[in-house]
Amino acid sequence: MKFIQIENLSYEYVSYNQETNEKTGYKALDNVTLDIEQGSFVAILGHNGSGKSTLAKHLSGILKGTSGEVLVDNMSTNDDSNIWDIRKTVGTVFQNPDNQLVATIVEDDIAFGPENLGIEREEIKKRIDLALKAVSMEDFRYSQTSSLSGGQKQRVAIAGILAIEPKCIVLDEPTAMLDPKGRKEVIETIKRLNKEKGITIVLITHYMEEVIDADRLIIMEKGKVALDDTPLNVFKNVEQIKAFKLDVPEAMEIAYKLNKKGNKIPNDSLSIEGLAKNLLNIGFEEDLYQNIENTERGSDEIIRLENISHIYNKDTVFEKKALDNINLTINKDDFLGIIGHTGSGKSTLIQIFNTLIKASFGNLYINREEIYKSSRPLKDIRQKIGVVFQYPEYQLFEETVYKDVAFAPTNMGLDKDEIDKRVKEALDLVFIDESYYNKSPFELSGGEKRRVAIAGILAMKPDVLVFDELTAGLDPFGREEMLYQIKNMKDTTIVLVSHSMDDVSKTCNKVVVLNKGNIVLNDIVTKVFQNGDMLEEIGLDIPKCSKLFHLLNQNGYNFNTNIFNIDTCVEVLHKTLKKC
């Protein structure tokens, strides 16, 4: 049965240039026609700006097409009298949970939707219980929403939609800020709601592995539907997918690259577990031992934390210890990864780095100067240590992209030519071309906003760059390009806070692991990811290539598991696989 019918839908964003009074249009959707079956699980992929989020907003009537029509359960979103019923029918979870949280206490926020639907109190309590359990937030029922981390807020936003029990849930990058365990739990929850309750699921994501169990996968390109089939059939088009600036699941890419070298790997698995099974069925002629070690990049201390602890809402009923006796040294030219479960203290830690938060206890040293006893203006420190936060739109405020990036250099007192040079260099580094300069930053996609926010920090040319979830919201092409550029920045110390074990393993030379406000591991990358069991216990994971070799070793082999790069992984497998 057709639940959502989209017919010839087009949508154009219109912007005005206040300086020239010119009106320009950007067609985000171009004559899209789709049907979504009731009870199906549909995934949508596309690079940043391909039209995914715009399409999602049409499904619940948030946007109305410039032309065409959307029918939800036979109700037209073009008819304003249907909007209330449509939004009871279709619940939407957005990229940024702060746009959806309305109450100060978690329990009250989840109850908000059911209360407005007139549901009985006892039933509301049951729904809150189920929703909290579904997103593993039972322990935060009475917490303040403002005290939660970004990932925890996202879980509450999802729980709020689950409590409404709509016929359809549209999720726009719902797991972008979650740790690996949280991502897995949310996706399993989505699949369970789909299978057990028949709720129609529309999932928009940049994580390829999240869509492999969908009934159907749609690829968006330039506002149009480019591919529409089962995930396996779509991902078999490896070169076409990459031409769309997307990626395929690592299992599919490894098999594809092995077959290009003359191997005969079945092209029928999208999971690492399935690939491991296929490889074991072929067998290996010999093991290849390969020692891969990272080296220290720097030795000159630039940031040092000494016995740092931080408590939020001290001496109140909402008191919460975010960091507990942290001792950490970051050296010049380091590329340090910081990983940890949602709420482990990562965001608090990086705000202490540039004094946005003053620690409750302990000492902070910048270039060996004790900051808490220094008379140095804090703005001097913040110009040297730039931070890009989880939600880039909070850092954007000017009329145009150019002006936004120019804001910091202008306030640094630089001359016009130097400002112009820095703005263009910074925007070029994040792949924003001149056609964006006069656009409003608020008209950009989530991924494009993130790029502009990063450019605003790069334009200051700080000594230390701190990225809180740098690649969240970026498509695979943008993610790889951004990591490549950041990794190769000279004379800059980088701190990368991430929930992506693959991003950290491919780019960082050292990794700090946080758990409940404590540092539990602090070492070079290869040594940290040898602790797979510990990482899994605290809600993290190991890189997918490494996981593949762990699975092979469980069957009697002895491969080096410190392999994180796909090309290296393929070389090792190609040399050792039995030749048919």
Side-chain angles (χ1 to χ4, degrees), residues 45-50 52 173 175-177 180 183 204-211 219-221 234-235 237-257 260 270 272 294 335-337 339 388 392 426-433 444-455 458 465 467-490 492 494-509 511 525 529 541-548 563-571:
L45 298 177
H47 63 78
N48 293 124
S50 62
K52 308 183 302 300
E173 296 279 355
T175 64
M177 296 299 175
R183 275 204 301 272
I204 296 171
T205 182
H206 284 137
Y207 289 104
M208 305 300 113
E209 280 72 18
E210 291 183 352
V211 308
I219 304 291
M220 297 287 294
E221 168 69 9
V234 168
F235 283 132
N237 302 285
V238 176
E239 293 184 7
Q240 187 177 8
I241 294 294
K242 289 184 176 292
F244 292 149
K245 298 182 179 180
L246 297 175
D247 213 338
V248 297
E250 286 201 10
M252 180 68 76
E253 182 162 7
I254 291 168
Y256 169 77
K257 289 188 172 182
K260 286 193 73 173
L270 297 173
I272 288 294
N294 298 84
F335 198 135
L336 175 69
I339 60 178
V388 179
L427 286 170
D428 186 57
L429 277 171
V430 298
F431 315 106
I432 296 291
D433 61 45
L444 307 181
S445 70
E448 290 166 341
K449 286 178 181 177
R450 181 166 294 273
R451 292 169 185 264
V452 173
I454 292 169
L458 292 177
L465 272 168
F467 297 103
D468 195 357
E469 297 295 344
L470 166 68
T471 60
L474 293 181
D475 57 54
F477 176 82
R479 182 167 61 244
E480 291 298 321
E481 288 292 325
M482 185 69 71
L483 288 171
Y484 176 81
Q485 290 283 15
I486 298 302
K487 185 177 180 180
N488 288 281
M489 290 184 67
K490 296 180 179 179
T492 306
I494 306 292
V495 178
L496 176 66
V497 177
S498 181
H499 282 136
S500 171
M501 305 302 103
D502 291 287
D503 287 356
V504 170
S505 66
K506 292 172 185 175
T507 55
C508 299
N509 66 310
V511 181
V525 172
F529 285 117
D541 207 344
I542 58 175
K544 298 181 190 68
C545 286
S546 181
K547 182 178 288 187
L548 174 61
I563 296 173
F564 312 126
N565 177 276
I566 285 182
D567 289 335
T568 304
C569 173
V570 169
E571 287 298 324

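Computed over heavy atoms, backbone and side chain alike; hydrogens, waters and symmetry mates excluded. Here, residue 1 is the first one in the sequence, and each next residue gets the next number.
Comment: E253 engages K242 in a salt bridge, judged by a side-chain N to carboxylate O separation of less than 4.0 angstrom. Using a 4.0 Å cut-off between charged side-chain N and carboxylate O, D541 and K547 make a salt bridge.
Applying the side-chain hydrogen bond (donor to acceptor under 3.5 Å, both in side chains) test between H47 and each of H206, E221, K245 identifies E221 as the sole match.
Using a 4.5 Å cut-off on side-chain heavy atoms (C-beta onward), V211 and L45 make contact. In this structure, I339 and V511 have side chains that are in contact, with non-hydrogen atoms separated by less than 4.5 Å. Proximity of F467 to V495: side-chain heavy atoms (C-beta onward) are nowhere separated by under 4.5 Å. At least one side-chain heavy atom of I432 sits less than 4.5 Å from a side-chain heavy atom of R451. Annotation: side chain of V452 is not in contact with side chain of V430 (no heavy-atom distance under 4.5 Å). Residues D567 and K257 form a side-chain contact, since some pair of their non-hydrogen atoms from C-beta on lies under 4.5 Å apart. Put simply, the side chain of F529 reaches to within 4.5 Å of the side chain of V504, judged on heavy atoms.
Residue K52 holds its NZ atom at 8.5 Å from CE of M220, rounded to the nearest 0.5 Å. Within the model, atoms CD1 of I486 and CD1 of I454 stand 6.5 Å from one another, a figure rounded to the nearest 0.5 Å. Interatomic distance, CD of E469 versus OG of S498, reported as 5.0 Å (0.5 Å rounding). From I272, atom CD1 reaches atom CE of M252 across 11.5 Å, with rounding to the nearest 0.5 Å. Between atom CD1 of residue I494 and atom CG of residue L465 there is a gap of 4.5 Å, rounded to the nearest 0.5 Å. Atoms OG1 and CZ, from T507 and F335 in turn, are 4.0 Å apart once rounded to the nearest 0.5 Å.
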Would S546 and F564 satisfy side-chain contact (heavy atoms from CB on, under 4.5 Å), going step by step from the backbone distance to the final call? CA-CA 6 Å; S546 181; F564 312 126; 4.0 Å; yes

Can you check side-chain contact (heavy atoms from CB on, under 4.5 Å) on I566 and I254, steps first, answer last? CA-CA 7 Å; I566 285 182; I254 291 168; 4.2 Å; yes

Walk me through it: do L470 and L483 pass the test side-chain contact (heavy atoms from CB on, under 4.5 Å)? CA-CA 9 Å; L470 166 68; L483 288 171; 3.9 Å; yes

Stepwise side-chain contact (heavy atoms from CB on, under 4.5 Å) check, L474 with M482: CA-CA 9 Å; L474 293 181; M482 185 69 71; 4.2 Å; yes

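With sequence neighbours left out, E481 forms a salt bridge (charged side-chain N to carboxylate O under 4.0 Å, His left out) with no residue at all. Taking the salt bridge (charged side-chain N to carboxylate O under 4.0 Å, His left out) definition, one finds that D428 meets it with nothing, sequence neighbours left out.
Of the possible donor and acceptor atoms, none in the side chain of D468 sits under 3.5 Å from a partner among the backbone N and O of V497. Under a 3.5 Å cut-off, the side chain of S505 and the backbone N or O of D502 do form a donor-acceptor pair. R479 contributes no side-chain N or O that, together with a main-chain N or O of T471, makes up a donor-acceptor pair within less than 3.5 Å. Remark: the backbone N or O of T568 is paired with a side-chain donor or acceptor of N565 at under 3.5 angstrom. A donor-acceptor contact shorter than 3.5 Å links the side chain of S500 to the backbone of D503.
When all heavy atoms are compared, the tightest approach of C545 to I563 is CB-O, 3.3 Å. Closest of all the heavy-atom pairs between P249 and M208 is N-CB, 3.8 Å. In plain terms, the two heavy atoms of L336 and N509 that are nearest each other are N-OD1, 4.1 Å. In terms of heavy-atom proximity, E448 sits nearest to G49 at OE2-CA, 4.4 Å. Contact detail for F235 and D247: the closest heavy-atom pair is CE2-O, 3.6 Å.
Under a cutoff of 6.0 Å and an axis angle of 45°, R183 and Y207 form a cation-pi pair.
Taking a 6.0 Å sphere around NZ of K506, one finds it holds more than 12 heavy atoms contributed by other residues, nucleotides or ligands.
In summary, the aromatic rings of F477 and F244 are positioned with their centroids too far apart to meet the 6.0 Å limit.
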